[in-house]
Amino acid sequence: MIMISELPHQEFPRLLNWALLLDADPNVALVKSYLTRSRVLVAFETEAMAKGKSQLPETAKEVIGSLVFEKQAANWEILNVAVAPQRQGQGLGGKLMDACLANIDAEADNLPIIVKTGDLTSPALSLYQKKGFDQIALVKDYFVQHYPEPIFEDGQQLRNQVILERKPR
C-alpha cells in the first residue's frame, strides 16, 4: 500500500530522502534554501496502518517519492517532484501531484500554481499537462546560467526552463 503524508519540519533531518530530492534538482544550495520555507509530501510503502498511528515512514530509505511546494506572494509553486527510479512510470508522481493540488485547493486562496521544469523532461511535462498546467513561458539557457554543473537528460544537455501554470479552481 502507498501512503502519502505531509512531513513535519522537525522530521526533515530524519526523513528527507536527499538522493530523490537531488535527482530532481541537483543544486544542493538551492534545494536547502527552499526547504526552509516549504511544505513536503512524501510517499512510502507501508502495511495497513492502525487508525491514529503516526502515518510517516520509519527511515528516509523508505521514501519512494516526494513533492516540495510553497505559497508565495502571488501564487503557489511546486519546487521539486521526485520519484525513485524503480517506481517511475507507475503513477506515483501523479498521486503526489493529486495530494499537493488537494492541499492547495483546500487553502481556497484563489491563487494560481506554477511549476518550472526542463524542456527535455517529457514525462514531467506530460504529467503537469495532464494535471491542468499550461506552458506560460520558456527561459532560454536557464540551466546553463544558473547551475554550476551541466545537467544531462537522456544524453542531451538540459538548457531551457519551461514555466507552467494551473489557474485557480
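Start at 1 with the first residue, then count along the sequence. None of these values were measured; they are calculated from a predicted model.
- Between Lys71 and Asp109 there is a salt bridge, since at least one side-chain N of the basic residue sits less than 4.0 Å from a carboxylate O of the acidic one.
- Expressed to the nearest 0.5 Å, how far CG of Asn103 lies from CG of Asp98 amounts to 11.5 Å.
- Side-chain atoms of His9 come within 3.5 Å of backbone N or O of Ser38 as a donor-acceptor pair.
- Under 4.0 Å is where a charged nitrogen must lie from a carboxylate oxygen, and between Lys116 and Asp25 no such pair does.
- Smallest separation of non-hydrogen atoms from Ile151 and Phe143: CD1-CD2, 4.0 Å.
- Tracing side-chain contacts under 4.5 Å through hydrophobic residues (I, L, V, M, F, W, Y), one never reaches Val63 starting from Ile4; they form parts of separate clusters.
- Put simply, Val31 and Leu67 are part of two different groups of oily side chains (I, L, V, M, F, W, Y) that touch within less than 4.5 Å, one to the next.
- Under the 4.5 Å side-chain heavy-atom criterion for ILVMFWY residues, no single connected hydrophobic cluster contains both Ile136 and Ile113.
- Of all the heavy atoms in Trp76 and Glu107, the pair that sits closest is CZ2-CG, 3.5 Å.
- For Arg166 against Phe133, the heavy-atom pair with the smallest separation is N-CD2, 3.5 Å.
- By the 30° and 60° cut-offs, the orientation of the rings of His146 relative to Tyr142 is parallel.
- Salt bridge Arg87/Glu45: present, at least one basic N to carboxylate O contact under 4.0 Å.
- Nearest heavy atoms, Asn110 versus Pro168: OD1-CB, 3.1 Å.
- Residues Leu96 and Ile104 fall within the same hydrophobic cluster, defined by Ile, Leu, Val, Met, Phe, Trp and Tyr side chains chained together at heavy-atom separations under 4.5 Å.
- For the residue pair Asn80/Tyr34, the side-chain donor-acceptor check at 3.5 Å is satisfied.
- Salt-bridge formation is not detected for the pair Arg159/Asp119: no Lys NZ or Arg NE/NH1/NH2 atom is positioned less than 4.0 Å from an Asp or Glu carboxylate oxygen.
- A continuous path of hydrophobic side-chain contacts links Phe12 to Leu30 [ILVMFWY only; heavy atoms under 4.5 Å].
- Salt-bridge formation is not detected for the pair Arg39/Glu70: no Lys NZ or Arg NE/NH1/NH2 atom is positioned less than 4.0 Å from an Asp or Glu carboxylate oxygen.
- In this structure a side-chain-to-backbone donor-acceptor pair under 3.5 Å is missing from Gln157 to Glu153.
- Of the possible donor and acceptor atoms, one in the side chain of Gln88 sits under 3.5 Å from a partner among the backbone N and O of Val83.
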